[in-house]
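Taking it in order: structure first as structure tokens, then the write-up.
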Protein chains: 2
Amino acid sequence: MEIICTYTYICVVKLEQAIQSTKFKSEVQKAGLNILYTAWWLKTVMSRELKEFGLTHEQYNVLRILKGKHPELMCVKDIACRMIEKNSNVPRIIDRLEIKKLVKRATSEADKRETVISLTQSGIAVLEASTKQLDAAYADTITICEADAASINELLEKIRENEN
Amino acid sequence: MEIICTYTYICVVKLEQAIQSTKFKSEVQKAGLNILYTAWWLKTVMSRELKEFGLTHEQYNVLRILKGKHPELMCVKDIACRMIEKNSNVPRIIDRLEIKKLVKRATSEADKRETVISLTQSGIAVLEASTKQLDAAYADTITICEADAASINELLEKIRENEN
DNA sequence: AACAAATACATGTATGTACATGTATTATAA
DNA sequence: TTATAATACATGTACATACATGTATTTGTT
């Protein structure tokens, strides 16, 4: 078992500190906890930056997904399948964005079951301003190199190999 | 930039499939999304197994933390600082465990502000049964080797280097 | 064409997250 | 010693998650 790990000490100490635990059954078990903790940390960093724009983490994601197709309209299910957390209740998130007048709802002409969503000018402005600030915060906070990031991507796909 | 990645194709395709997106600004940005998605996936696997025991993800974590010190009692803040998601509302989670008679509350003699929590016999039994099933499900689902897991642990610590 | 099934979304409930505030107790300071 | 601050927890609110169910519309079958 050959592990190249120049940060062994920091590794162990940091997750241990975070969850006050030293007893891990294995590196695999520890990796699970580490992924959960890191995800929580990322969301916290994100939420902190979004707060001044009156956006939550999930509301921002919906705006970002809409921007990806803009000016094309998207229906609710197309937004839902792009969400990171697959059980997100997209209609309800859209409710809140609609109240803030960042998006508009309409019934699809082609299929009246579908609700199509569009970004308003205000929605675009808020998204751009918050994205700018978020990117800056991430750049300050996450300083790993592209190669390390690529390794993470490879290893996480490997973990989800038996996704079902 | 030297990246050893034997799974490049699978990598790219899988996160793309999951969130229906191909436009990542960088490997670092993709890694962020990958961590969030993998965490969601892990929680989903966990919740599915816990369902038959009537436990949620967070309720299970509280039981597990209590077990770590058992038969010693723990106060609410000591549980809270061991939670993975640091903003968990531990008193409310304990409310639900108490209703199911898996834990008991009492006021600390030493400091009457503190509520001390103890596992009931029933709580221990449920925890052991659910842990057994959870471990089996994880063993089936997560098949990476210890060395890869160790690499993940190293890289995630590196991501959180500027934790604040 | 008429009925059954599937689809798209809205909505309801229990639980959890994130954060603010209230209350009792303990620690600190004037 | 009394007032003030800090601590520990409970509780309230808005939003999100997880899942079930309801309603309108479309599709598929006979």
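Every chain is numbered from 1, with letters handed out A, B, ... down the list of sequences. The structure displayed is predicted, hence computed values, not measured ones.
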Closest-nucleotide ordering on DNA chain C, the 5'-leading residue of A:E114 and A:S47:
A:E114
Assess the side chains of B:T131 and B:R64: does a donor N or O sit below 3.5 Å from an acceptor N or O?
no
What is the distance, rounded to the nearest whole Å, between atom CD of A:E52 and atom P of C:dA18?
19 Å
Do A:K69 and A:D78 meet the salt-bridge criterion of a basic N to acidic O distance under 4.0 Å?
no
Contact between A:M83 and A:S88 at the side-chain level, heavy atoms closer than 4.5 Å - yes or no?
yes
Return whichever of A:N87 or A:A110 has its heavy-atom-nearest nucleotide of DNA chain D closer to the 5' end.
A:N87
Bend angle of the helix from C:dA1-D:dT30 to C:dA30-D:dT1 from five-pair axes at both ends, rounded to 10°?
10°
Distance in angstrom units between B:R48 CZ and D:dC19 P, rounded:
10 Å
Phosphate OP1/OP2 of C:dA14 contacted by B:K51 side-chain N/O (<4.0 Å)
no
Out of D:dC9, C:dT26, C:dA8, which has the shortest distance to the side chain of B:D111?
C:dT26
So, OP1 or OP2 of C:dA8: does either fall under 4.0 Å of a side-chain N or O from A:S108?
no
So does B:R105 get a side-chain nitrogen or oxygen closer than 4.0 Å to the phosphate oxygens (OP1/OP2) of D:dA10?
yes
Can you tell me the distance, in whole Å, between the CG atom of B:L97 and the P atom of C:dA14?
17 Å
For the pair made of CD in B:E85 and P in D:dC15, what is the distance, rounded to whole Å?
20 Å
Pairwise side-chain contact, A:L66 with A:H70, heavy-atom cut-off 4.5 Å (strictly under)
no
Could B:K43 and B:E85 be called an ion pair, given the rule that one side-chain N must be under 4.0 Å from one carboxylate O?
yes
Clusters formed by hydrophobic residues whose side-chain heavy atoms approach within less than 4.5 Å: which one holds A:V116, and what are its other members?
A:L73
Could you tell me the separation between the CD1 atom of B:I159 and the CD1 atom of A:I144, rounded to the nearest 0.5 Å?
3.5 Å
Using whole Å, report how far CG of B:N89 lies from C1' of D:dT11.
9 Å
Of the nucleotides D:dC9, C:dA18, C:dT26, which one has an atom closest to the side chain of B:R92?
C:dA18
Between A:S88 and D:dA16, is there a side-chain N or O to OP1/OP2 distance below 4.0 Å?
no
Please work out if A:T44 contacts a base, only the sugar-phosphate, or nothing of the nucleic acid, heavy-atom cut-off 4.0 Å.
nothing
State whether a side-chain donor-acceptor pair under 3.5 Å links A:N34 with B:E157.
yes
Does B:K112, at its NZ atom, have more than 12 non-hydrogen atoms belonging to other residues, nucleotides or ligands within less than 6.0 Å?
no
Contacts to DNA chain D from residues 57-78 of chain B, heavy-atom cutoff under 4.0 Å, which residues?
B:C75, B:V76, B:K77
May I have the distance from B:R96 (atom CZ) to D:dA18 (atom P), rounded to whole angstrom?
15 Å
OP1 or OP2 of D:dA16 sitting under 4.0 Å from any side-chain N/O of A:T56?
yes
Interatomic distance, B:K43 NZ vs D:dA16 P [rounded to whole Å]
15 Å
Ranking C:dT25, C:dT7, C:dT17 by distance to the side chain of B:K112, first place goes to C:dT25
Determine, for B:E98 against B:K101, whether the closest basic-nitrogen to carboxylate-oxygen distance falls under 4.0 angstrom.
no
Calculate the interatomic distance between A:W40 atom CH2 and C:dT17 atom P; express it in whole Å.
11 Å
